[in-house]
Amino acid sequence: MPDAELQTPAIVDARLADVGVSRERLRRRRLRGLALVLGVPTLFLWYRLVTGDPFNVFALPSIDPLMFMQILIVLAIVGSVLIMFVGGGRSPHVMYRPEQIETTIDDVKGIDVVKEEVVRSLNLFLAHKQFALDTGGTPRRGLLFEGAPGTGKTYLAKAMAREAGVPFLFVSATAFQSMYYGATARKIRSYFKALRKTARMEGGAIGFIEEIDAIAVARGGLSATPAPAALRATGLPAGCGGLTGLPAEYAVAPSTLVSPSMVSEGVGGVVNELLVQMQSFDEPTGWQKLHTRFADWANLYLPPHRQLSRPVPPVTNVLIIAATNRADNLDPALLRPGRFDRRLTFEAPGKAGRRELVDHFLSRKRHAPELDDEEQRDALAAATQGYTPVMIEHLFDEALVNAVRRGDLAMNRTDIERARLVEEVGLGQPVAYTAHETRLIATHEAGHATMAWLVAPERRLEVLTIVKRRDALGLLAHGDAEDVFTRSRTQMLHLIQIAFGGQCAEELFFGDVSTGPGGDLLYATNVAAQMVGACGMTDTLISYGAIQNSGFSDTNIVGRVLGDAEGRQRVEEILQQQKVVARGLLEANRHLVEALRDALLDRHELVGREITDVLEAARESGPAPATIDLRDGAPVG
């Protein structure tokens, strides 16, 4: 569904829904009970006062101090034992009232598809009686939030509790764990008991279990679950594209997905307790249990037509939300309907979602006027591909740190780019290059950037630097202007050509090759192997991913292709051909490489438009009448 068509449904008013009606009814019942409890003693005291025999509440019996101390010591010993026993099984949750939570649904940005489904589930929770009466359906009892860290799982759960207007019982799964055998299961029982009690008192309650995989890993014997039929039939991912995180790993999907099971004290019992509690929301209250026992006892003496009726357990309006980034390790019984009815996947937002996040965070942080430009914000959304909401907010915080460091309180685009470079690549390290190394690295990186500008003008040149960061002596950071999920054969060849730009520039200007292109060759080899072994972009349509039961079937796709003589030959041909193309292009545009090289030698680092400005200026001025041979510095014609 296009992003423009996504409209989050409105949340029903909790005060008018079943939750609000139940809460008001329970409030009036509590007021009547309080009036009864206070009224009876008050009438008794007034009766004693009117009859002339007032009740003296201060007439306490005399107690021997020695006897009192002995009783106190015994009570202290018994109390300490009871506290250790009862406290060990106490629920570790923290209850938040709606007014204590500041996050609202409107504050959740970048995950519109998930938010829409969550709002629908929330509406079913609020109007659970009406839904059951009108449709005969059963509202959702559990939602499982799965996704990478920082994608908004806990944030959205808090917003749900705020919008629902009901108590929010937060607990970390690790808080259930105990060193005493059986204490973990008791804590789980206590948590669900508190959840049901709160729901009966407030008309509803939302429970949130953070990192549920800490207590809900697959039990022994259930760790191997069948893979989806479509996955078993093909053994292929959804597409062969991407190449964002090369080298790419790939393996044929097995017929079963195996999750490691833990064999430790009480693991099976803990999972079993969790399964039982999630299936047993509608349990009788303590009064109903007493009523049932009395009815059972009395019915032993009564004829069938005079039997006493037993109370029906109340419908408890509870919604359980659990979050994890390891959903595949959970016990399969937890994921069936009736427990976790809906499994929602939180992914890194797309470009439209990132643009919403950029607008949202910049509205709260001081920034230069240049960042109010629509094109600048679109560029930021494009440059943060793969970022989660937390990562985007952290990026702006780091940019503010850079701004303060240079004496300003408002960040600009350069501050953001430098912060992004530090986050993704690492801090710049002052390294005393020799004069020859400086010229070599600048030429190498200029070759990459020139090649990218020539063959892939749709790509975004972000940072070009000769400052050492981690293992990179210099680098060109470039990416797709738009979110890309597939690539054509031409685009993949362009990626290989860009990778060869550095090596070809060294050969053209120095007549030699350094160790610098080692990482470039690794990247180019991975791309070529993907073309040969997975995407059918050469003279073979065989997928190397289908190879099984051979000496190299358990390696990634690159290993399978290079382990085959014919596949290796095809990869070699692609690489040799594209290097010839890259060298020819750079030879015809030496002046562009020279201009970019000189700019790097002068400024050491170019960001964004600074790269393209140098290249466009060099193109307008045309080839230089003479070039400089960097081996000896002598001009040649």
Side-chain angles (χ1 to χ4, degrees), residues 79-103 125 141-146 149 152-162 164 166-202 204-219 262 264-283 285-286 316-327 329-331 333-334 339-340:
S80 61
V81 174
L82 289 176
I83 289 174
M84 291 179 61
F85 179 78
V86 177
R90 181 178 175 273
S91 174
H93 73 270
V94 178
M95 180 186 293
Y96 294 95
R97 295 288 176 175
E99 58 272 13
Q100 295 178 286
I101 301 174
E102 299 180 355
T103 306
F125 167 78
R141 289 289 185 90
L143 298 176
L144 179 64
F145 291 173
E146 62 168 331
K153 301 184 292 296
T154 304
Y155 197 73
L156 183 54
K158 292 171 61 177
M160 290 179 66
R162 166 65 182 266
V166 299
F168 180 71
L169 278 68
F170 172 87
V171 66
S172 171
T174 56
F176 286 120
Q177 296 174 338
S178 174
M179 63 181 293
Y180 299 108
Y181 189 90
T184 301
R186 289 206 309 273
K187 289 183 178 182
I188 293 175
R189 285 195 296 270
S190 299
Y191 174 72
F192 280 90
K193 181 180 179 180
L195 192 61
R196 289 190 291 268
K197 181 179 179 181
T198 303
R200 286 194 293 266
M201 295 176 60
E202 302 285 347
I206 294 178
F208 182 74
I209 304 176
E210 182 72 280
E211 303 298 344
I212 192 174
D213 53 275
I215 59 172
V217 294
R219 294 163 292 176
M262 297 173 61
S264 62
E265 181 263 320
V267 169
V270 169
V271 176
N272 288 340
E273 185 63 46
L274 187 61
L275 296 175
V276 170
Q277 292 299 324
M278 292 197 66
Q279 190 64 23
S280 308
F281 290 130
D282 300 337
E283 289 190 354
T285 63
T316 308
N317 188 27
V318 169
L319 179 64
I320 291 290
I321 306 172
T324 180
N325 48 32
R326 300 175 59 193
N329 289 342
L330 297 182
D331 193 276
L334 273 175
R339 292 191 176 107
F340 286 116

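Positions are given from 1 along the sequence.
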First locate atom [atom1] of [X], then atom [atom2] of [Y], and finally report the distance between them rounded to the nearest 0.5 Å.
| X | Y | atom1 | atom2 | answer |
| --- | --- | --- | --- | --- |
| R141 | T316 | CZ | OG1 | 7.0 Å |
| T154 | I321 | OG1 | CD1 | 10.0 Å |
| F176 | H93 | CZ | NE2 | 9.5 Å |
| I206 | K158 | CD1 | NZ | 13.5 Å |
| L169 | K197 | CG | NZ | 12.0 Å |

Where do [X] and [Y] come nearest, in terms of heavy atoms and distance?
| X | Y | answer |
| --- | --- | --- |
| T324 | D213 | OG1-OD1, 2.6 Å |
| G204 | P167 | O-CD, 3.6 Å |
| L319 | G142 | CD1-N, 4.1 Å |
| R97 | E202 | NH1-OE2, 2.9 Å |
| P92 | V171 | CG-CG2, 3.7 Å |
| I209 | A173 | CG2-CB, 4.1 Å |

With A216 via side chain to side chain contact (heavy atoms under 4.5 Å, CB included) - residues at least two apart: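 Counting only residues at least two positions away or on another chain, A216 forms a side chain to side chain contact (heavy atoms under 4.5 Å, CB included) with I212, L274, L330, L334.
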
Would you please name every residue forming a ring-ring contact (aromatic ring centres under 6.0 Å, His included) with F125, sequence neighbours left out?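 Not a single residue meets the ring-ring contact (aromatic ring centres under 6.0 Å, His included) criterion with F125.
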
Can you list everything that forms a ring-ring contact (aromatic ring centres under 6.0 Å, His included) with F170? Sequence neighbours excluded, please.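 Checked F170 against ring-ring contact (aromatic ring centres under 6.0 Å, His included); matches are F208.
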
Please check if the number of heavy atoms outside K153 that lie under 6.0 Å from its NZ is greater than 12.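 For K153, atom NZ is crowded (more than 12 foreign heavy atoms under 6.0 Å).
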
Please check if atom CD in E99 has more than 12 non-hydrogen atoms from other residues, nucleotides or ligands closer than 6.0 Å.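 Counting neighbours around CD of E99, more than 12 heavy atoms of other residues, nucleotides or ligands fall under 6.0 Å, so yes.
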
Please lay out, stage by stage, how F192 and V318 fare under the test side-chain contact (heavy atoms from CB on, under 4.5 Å). CA-CA 10 Å; F192 280 90; V318 169; 6.0 Å; no

For N317 and V166: C-alpha separation, side-chain torsions, deciding distance, then whether side-chain contact (heavy atoms from CB on, under 4.5 Å) applies. CA-CA 11 Å; N317 188 27; V166 299; over 6 Å; no

Between M278 and F340, is there a side-chain heavy-atom distance shorter than 4.5 Å?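 In short, these two side chains touch, coming nearer than 4.5 Å.
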
Are the side chain of R339 and the backbone N or O of A333 linked by a donor-acceptor pair below 3.5 Å?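 Confirmed, R339 side chain pairs with A333 backbone.
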
Using atom types as modelled and distance alone, determine if a side-chain donor or acceptor of Y155 lies under 3.5 Å from a backbone N or O of T103.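 Not at all, since once roles are kept as given, no pair shorter than 3.5 Å links the two residues.
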
For the residue pair E211 / T174, report whether a side-chain donor-acceptor contact shorter than 3.5 Å exists.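 No.
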
Qualifying residue, where the test is side-chain hydrogen bond (donor to acceptor under 3.5 Å, both in side chains) with Q277 and the options are K193, R189, R196: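 Passing option: R196.
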
